[in-house]
Number of protein chains: 2
Amino acid sequence: MSKATEKAYSLIRENILSGTFAPGAHLKEGELVDLCGVSRTPVRDALRQLATDRYVVTRRNQGVFVNEWTVDDINDIFELRAILESMVAERAATHISEGQVQELGKIHQAIQAMLDENGPLLVDFFLEQNKRFHAILLEATRSRALADSLSQIVQPPLIAQTARQYSRQELQNSNDHHRDIVAALEARDGALAASVMKIHIISAQRKFMNSYVASEATEAAE
Amino acid sequence: MSKATEKAYSLIRENILSGTFAPGAHLKEGELVDLCGVSRTPVRDALRQLATDRYVVTRRNQGVFVNEWTVDDINDIFELRAILESMVAERAATHISEGQVQELGKIHQAIQAMLDENGPLLVDFFLEQNKRFHAILLEATRSRALADSLSQIVQPPLIAQTARQYSRQELQNSNDHHRDIVAALEARDGALAASVMKIHIISAQRKFMNSYVASEATEAAE
DNA sequence: TTCAACAATATTGTATACATTAAAGACCGA
DNA sequence: TCGGTCTTTAATGTATACAATATTGTTGAA
């Protein structure tokens with residue numbers, strides 16, 4: 001992606017993640033041009049990219065709309081992710097380097113340090129470290145197909161929404177999973193790593209669905 | 001996709017599938033404009049779409065290049081496909097309608113009729129029916145996430161290349177798998193359907209890799 | 001002869017004007 | 001008042017001109 005396109009992509013994406021552009025909203029190219037300060041061509045390029053990243057959907061001759069996820073969609077995504085990330089963990093166990101294992105350990109420790117501080121919960125820090133953790137595992141599999149699939153499946157907005165509702169204890173549980181995964185990888189135990197990863201993702205799913213149905217109920221009552 | 005974009009997409013895609021645009025080749029927008037008879041804008045849109053469909057890769061300020069698949073990439077794809085299509089079969093067993101099961105049966109019979117005729121092998125017909133078979137199963141799962149993932153993974157050029165090297169006996173084996181899958185779905189036996197599907201995909205993988213390494217060896221000898 | 005710097009060229013990136021299409025509203029008739 | 005058709009308008013789709021960038025080739029000196 002080139003400069004102008006990237007600028008448009010980031011700005012539009014942020015507005016979607018922050019909720020300024022609500023699910024289902026019609027994103028008009030003209031308005032986006034005003035927002036981003038670039039011409040329609042890079043705006044259109046950005047929208048195409050956002051479509052492949054599933055932030056928006058395109059309807060011919062009608063434009064692009066912010067993607068709307070149903071409960072079933074979200075459950076599907078988590079279920080698939082559990083399977084794919086398990087594969088990642090399993091394959092990583094056979095291919096991962098010593099250096100990569102150490103990197104994973106450092107990420108676990110960094111999050112743990114934050115949790116031990118008893119200061120404010122830095123969710124953005126957690127999200128970043130968590131993302132890097134999974135990225136290193138993915139890299140260790142050396143599988144383009146897995147990387148492509150997961151990049152398609154993993155929905156940053158959903159992960160962010162999940163993490164922001166984590167309590168300190170839940171963040172601790174999540175990081176404990178990370179610790180167990182690192183241990184399994186050190187022992188080159190792919191099956192164990194896969195099992196822990198599966199639990200890791202399914203825990204996130206349960207947390208997300210609990211808070212999701214709760215918020216839906218609140219909205220309905222309003 | 002709109003008219004001009006679709007025209008460009010189809011033409012470029014055909015040239016890639018036929019080998020006119022070889023793997024690694026640099027596709028220049030100017031030449032594609034001449035080829036397709038549309039302006040650069042829809043050509044660029046088509047290229048972006050071809051990039052999301054993994055036919056080409058884009059390098060910033062350098063343009064797009066026909067994607068090159070390594071043996072490892074292809075093995076990864078088949079392995080992932082085996083897992084995802086198994087999921088599809090399993091989930092389809094619980095959600096599929098009577099009508100859809102009958103449709104699947106008809107597809108099996110149509111291919112069988114062709115095989116029984118002892119006439120020429122109509123590979124294009126087989127490919128089309130096969131594609132529909134898998135599409136119906138996917139539809140029956142009612143899972144957007146699965147559909148998205150598989151559309152990302154399934155590489156039409158690889159499937160076509162595999163099928164074109166199938167002997168009559170191998171086509172028969174493939175269609176026997178279809179028959180077994182239909183039977184499993186009729187019995188609403190998701191586990192069985194998943195197992196057969198896994199064998200179905202892995203058989204394709206073995207066939208592809210055999211002919212692939214053979215052709216590689218031929219090229220090396222030339 | 002080789003390497004580096006520079007110039008020329010070709011290609012991609014961006015902006016914008018024009019064409020086409022779909023949605024919204026006004027008008028007319030029943 | 002309702003329904004439908006036509007007009008209007010606003011959006012997307014397309015073409016093309018211009019700008020920025022990367023590649024290639026050339027020239028010069030070491």
Side-chain angles (χ1 to χ4, degrees), chain A residues 1-68 148 151, chain B residues 1-68 148 151:
Chain A
M1 267 198 297
S2 40
K3 280 184 300 186
T5 303
E6 196 149 14
K7 184 178 177 185
Y9 180 91
S10 306
L11 276 169
I12 299 169
R13 181 172 163 276
E14 279 169 25
N15 277 282
I16 292 174
L17 289 177
S18 71
T20 308
F21 296 157
H26 186 184
L27 301 184
K28 293 165 191 172
E29 295 176 359
E31 296 174 6
L32 299 175
V33 165
D34 297 340
L35 172 72
C36 304
V38 297
S39 79
R40 272 184 68 204
T41 310
V43 163
R44 285 171 65 87
D45 278 354
L47 288 175
R48 299 288 172 271
Q49 190 58 46
L50 287 162
T52 76
D53 296 343
R54 310 288 167 183
Y55 285 96
V56 300
V57 293
T58 304
R59 288 208 282 270
R60 176 167 169 165
N61 285 329
Q62 293 186 23
V64 308
F65 302 81
V66 179
N67 206 341
E68 298 181 277
D148 288 350
S151 70
Chain B
M1 267 197 298
S2 40
K3 279 185 300 184
T5 303
E6 196 148 15
K7 184 178 176 185
Y9 180 90
S10 306
L11 276 169
I12 299 168
R13 181 172 163 276
E14 279 170 25
N15 277 281
I16 291 174
L17 289 177
S18 71
T20 308
F21 296 158
H26 187 185
L27 301 184
K28 294 165 189 172
E29 295 176 358
E31 297 174 6
L32 298 176
V33 164
D34 296 339
L35 171 72
C36 304
V38 297
S39 80
R40 274 184 65 206
T41 310
V43 164
R44 285 171 65 86
D45 279 353
L47 289 174
R48 300 285 171 274
Q49 191 58 47
L50 287 162
T52 76
D53 295 344
R54 309 291 167 182
Y55 286 97
V56 300
V57 294
T58 304
R59 289 207 282 270
R60 175 167 169 166
N61 285 330
Q62 292 185 23
V64 309
F65 301 80
V66 178
N67 205 341
E68 297 181 276
D148 288 349
S151 70

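Atom set for the values below is all heavy atoms of this structure, side chains included, hydrogens, waters and symmetry mates excluded. In what follows, every chain begins at residue 1, and chains take the letters A, B, ... in the order their sequences are listed.
Two residues, A:Arg60 and A:Val38, neighbour DNA chain C, and the one matched to the more 5' nucleotide by heavy-atom proximity is A:Val38. Nearer the 5' end of DNA chain C, as judged by each residue's closest nucleotide, is the contact made by B:Val64, out of A:Gln62 and B:Val64.
Nucleotides of DNA chain D with any atom under 4.0 Å from a heavy atom of chain A span, from 5' to 3', D:dA11 to D:dT21.
Between A:Arg59 atom CZ and C:dA22 atom C1' the separation is 13 Å, expressed in whole Å. Here the P atom of nucleotide C:dT20 and the CG atom of A:Asn61 are 13 Å apart, to the nearest Å. In this structure, B:Lys28 atom NZ and C:dG13 atom C1' are separated by 17 Å, rounded to whole Å. If you measure from atom CG of B:Leu47 to atom P of C:dT12, you get 9 Å, rounded to the nearest angstrom.
A side-chain contact (heavy atoms from CB on, under 4.5 Å) with A:Ile12 is found for exactly one of A:Leu17, A:Thr20, A:Leu50, namely A:Leu50.
Ring orientation note: the planes of B:Tyr55 and B:Tyr9 are nearly perpendicular, at an angle over 60° on the 30°/60° scale.
Residues A:Glu29 and A:Arg44 form a side-chain contact, since some pair of their non-hydrogen atoms from C-beta on lies under 4.5 Å apart.
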Verdict with supporting geometry, B:Ile16 and B:Val56, side chain to side chain contact (heavy atoms under 4.5 Å, CB included): CA-CA 9 Å; B:Ile16 291 174; B:Val56 300; 3.8 Å; yes
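No side-chain donor-acceptor contact under 3.5 Å links B:Asn67 to the backbone of B:Val57. Put simply, the side chain of A:His26 never gets that close to the backbone of A:Val66: no donor and acceptor are under 3.5 Å apart.
Within the nucleic acid shown, B:Ser2 comes within 4.0 Å of sugar-phosphate atoms alone, with no base atom in reach, counting heavy atoms only. A:Leu27 comes within 4.0 angstrom of sugar-phosphate atoms only, judged by non-hydrogen atoms across all strands, and of no base.
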